[in-house]
2 protein chains.
Amino acid sequence: MERAKRTPRGTRKRDVPLTEAGICTSALRLIDADGVEALTMRKLAAVLDANPMSLYHHVPNKEALMRGVARMVGTRFRTVTLEDAPWQERMRLLATDFRTLAHRHPNLMAYSFSQPDFIQPEDPFWVELTAVLDAAGVPQSEIPQLAALVCAVVSGVMIAELNGALHRWSNLQPTTPASVKDGQTNEDSGEDRMFRLVLDTIISGMEGRLAVDHAGGPDGQPSQNSRRPSARIPRQLRPPAARCEGESQENPFSDMAAGVDPKEQ
Amino acid sequence: MERAKRTPRGTRKRDVPLTEAGICTSALRLIDADGVEALTMRKLAAVLDANPMSLYHHVPNKEALMRGVARMVGTRFRTVTLEDAPWQERMRLLATDFRTLAHRHPNLMAYSFSQPDFIQPEDPFWVELTAVLDAAGVPQSEIPQLAALVCAVVSGVMIAELNGALHRWSNLQPTTPASVKDGQTNEDSGEDRMFRLVLDTIISGMEGRLAVDHAGGPDGQPSQNSRRPSARIPRQLRPPAARCEGESQENPFSDMAAGVDPKEQ
DNA sequence: ACCTGAACACCGTTCAAGT
DNA sequence: ACCTGAACACCGTTCAAGT
């Protein structure tokens, strides 16, 4: 609630002239403090010790202002570039740093992620992401699609984490299945192919982990449904390489189980 | 723009009494037509031929109304239950049906996905999802976490698809990497572990695909960075099983490359 | 060029009053 | 119990006028 100095006539006087960057910065501060829905042109002007209408000389309208704030933060998503590290490690670091910055502006993220341009090709994040995929050996022509998928997946997990859904969902006790009826599908477009690829990827990732040692069914509760554990995938398939610490791997999802992580005991 | 009958004094008269469900349904119709930001208690009342204040006898406020709309749609996410199909196929169908319904209310989804309770444990979607994971052999104790991850990942991809980011990103030409400096990380919590698991999973999925036939580097552009293609993963690893059509697989991401899909020629 | 005050067309919601 | 009109405290934004 700091106030700038006042002129003799009682109106407030700024010590810094209004700029778009300054306006966006103050807007971000308001959003961080009270959420997007609390951002108001009038409140923003008050914080800047300006007349509400003065803002419109630097920003066309509130929507553009919000986009500016989202872009300002999007540009700041970056990470160190470790050209000599394995691509898996670089990817992990990139995503982790993304998450760290997202945590600094949790109130903005739901808005940012629903904006089509919160990450742009010039952004350090995109540059590093594509470099990592290149280092991973992804063909040049496929890099943008793969990078898009990584952005979408990571954003989705971030949203769910920040709004608490991830925490709430993961603390549910499993329910018994029940029969339901409905459903319809089938078409095919570029987005369809992308969507199938995500599914194929996370499924094949899960298959790999499951194939490690769950052939007979888990903890005394063998699944009786037709389970086809992809005979082509060998048993000794392991999680990606860059994980260095020696962790007990008797369960393919062990690093997620409560109290199983050895570092927490 | 249909209008109900009018009373002699010129005020409109509803033929159906106001109910919360009816209010939510009309609200959803307005959102589908013009977006969330166009939904207004006053406009909604006009559509229902009611006084704006009448709505407050059935809904405490606009926020609760929005939650009601999101829940109404969330409850409708469901799919057929194919207990005899392989779990991969069931997962694919579940996600595809999710997507189909999401496409029916694109204007609501960004809001829904940012709501912590748009999917609840009683919902058919959650029930089927957990059943599929059970059929996959996931240990009972890990099912909620895995289901949460699937929800988050699928939601993230849906948001990116619906707002056009997926399309825009995937049509970018790759940029050349540049050196940047920054970055900071490191902590550890339940959410941290979840986050690492997503990464491990999509990475191991991608590793599996990459290991198929990209040992020497892609299309004439061998990556000179230290690439460690996880020697433990054998070459002949294939995408998950439930894919039935015979597709050319000379490229692990071939079903995503422009014009490569054989069905499109 | 930048700023400003008054005003306009909206909002969500409270409240007292009607039936 | 349900509905209503008037009113309140806000919005974003236009516009004509100031410097």
Side-chain angles (χ1 to χ4, degrees), chain A residues 1 3-28 30-31 33-70 107 111 115, chain B residues 3-28 30-31 33-70 107-108 111 115:
Chain A
M1 278 292 183
R3 286 266 160 255
K5 39 191 168 281
R6 289 160 176 276
T7 64
R9 345 195 281 284
T11 67
R12 300 181 202 101
K13 190 90 191 236
R14 261 166 290 103
D15 33 324
V16 179
L18 287 178
T19 64
E20 181 175 349
I23 292 172
C24 286
T25 302
S26 286
L28 178 58
L30 279 182
I31 291 170
D34 301 314
V36 264
E37 71 290 345
L39 176 64
T40 275
M41 297 302 274
R42 289 165 138 106
K43 276 196 246 175
L44 179 55
V47 164
L48 289 162
D49 285 320
N51 184 290
M53 293 309 103
S54 302
L55 306 182
Y56 286 89
H57 286 273
H58 304 89
V59 157
N61 52 44
K62 190 186 180 183
E63 195 184 313
L65 169 64
M66 284 297 297
R67 263 201 308 269
V69 174
N107 293 338
Y111 172 82
Q115 278 291 106
Chain B
R3 288 263 160 257
K5 39 191 167 296
R6 292 160 173 276
T7 63
R9 349 195 278 285
T11 69
R12 302 182 201 102
K13 191 83 193 242
R14 260 167 289 101
D15 33 321
V16 178
L18 286 178
T19 64
E20 180 176 350
I23 291 172
C24 287
T25 302
S26 285
L28 178 57
L30 279 183
I31 290 170
D34 300 315
V36 263
E37 72 290 344
L39 176 65
T40 275
M41 297 301 274
R42 290 167 138 106
K43 276 196 247 176
L44 179 55
V47 163
L48 287 162
D49 285 320
N51 183 290
M53 293 309 104
S54 302
L55 306 182
Y56 287 88
H57 286 272
H58 303 91
V59 157
N61 52 43
K62 192 185 177 184
E63 194 183 314
L65 169 64
M66 284 298 297
R67 264 201 308 269
V69 174
N107 293 338
L108 182 68
Y111 172 83
Q115 277 292 106

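Chain identifiers are assigned alphabetically (A, B, ...) following the order of the sequence lines, protein sequences preceding nucleic acid strands; residue numbering begins at 1 within each chain.
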A.B. asks: Quick one: the dot-bracket string of DNA chain D, using Watson-Crick and G-U wobble pairs with both distances under 3.5 Å, [ ] for crossing pairs and | for bases paired to another strand.
C.D. replies: ||.|||||...|||||.||

A.B. asks: What is the separation between atom CG on A:D49 and atom C1' on C:dC3, rounded to the nearest whole Å?
C.D. replies: 14 Å

A.B. asks: Is a donor on one side and an acceptor on the other found under 3.5 Å between the side chain of A:H58 and the backbone of A:I23?
C.D. replies: no

A.B. asks: According to the salt bridge (charged side-chain N to carboxylate O under 4.0 Å, His left out) rule, which pairs have a member within residues 17-26 of chain A, sequence neighbours left out?
C.D. replies: none

A.B. asks: For nucleotides 8-19 of chain C, give me one character per nucleotide, 5' to 3': B if any protein heavy atom sits under 4.0 Å from the base, S if the only such contacts are to the sugar-phosphate, - if neither.
C.D. replies: ---BBBB-----

A.B. asks: Once salt bridge (charged side-chain N to carboxylate O under 4.0 Å, His left out) is applied, what residue pairs with a partner in residues 54-65 of chain A remain, sequence neighbours excluded?
C.D. replies: A:E63-A:R67

A.B. asks: Partners of B:E37 by salt bridge (charged side-chain N to carboxylate O under 4.0 Å, His left out), sequence neighbours excluded?
C.D. replies: none

A.B. asks: Report the nucleotide, chosen from D:dC3, C:dG5, D:dT4, that has the shortest atom-to-atom distance to any side-chain atom of B:N51.
C.D. replies: D:dT4

A.B. asks: Can you tell if the side chain of B:L55 reaches within under 4.5 Å of the side chain of B:L48, non-hydrogen atoms only?
C.D. replies: yes

A.B. asks: Partners of B:T40 by side chain to side chain contact (heavy atoms under 4.5 Å, CB included), sequence neighbours excluded?
C.D. replies: B:R42, B:K43

A.B. asks: Taking only residues two or more places apart in sequence or in another chain, which ones pass side chain to side chain contact (heavy atoms under 4.5 Å, CB included) with A:A70?
C.D. replies: A:Y111, A:S112

A.B. asks: With sequence neighbours left out, what residues match A:Y56 under side-chain hydrogen bond (donor to acceptor under 3.5 Å, both in side chains)?
C.D. replies: none

A.B. asks: Nearest-Å distance, CG (A:L48) to C1' (C:dT4)?
C.D. replies: 16 Å

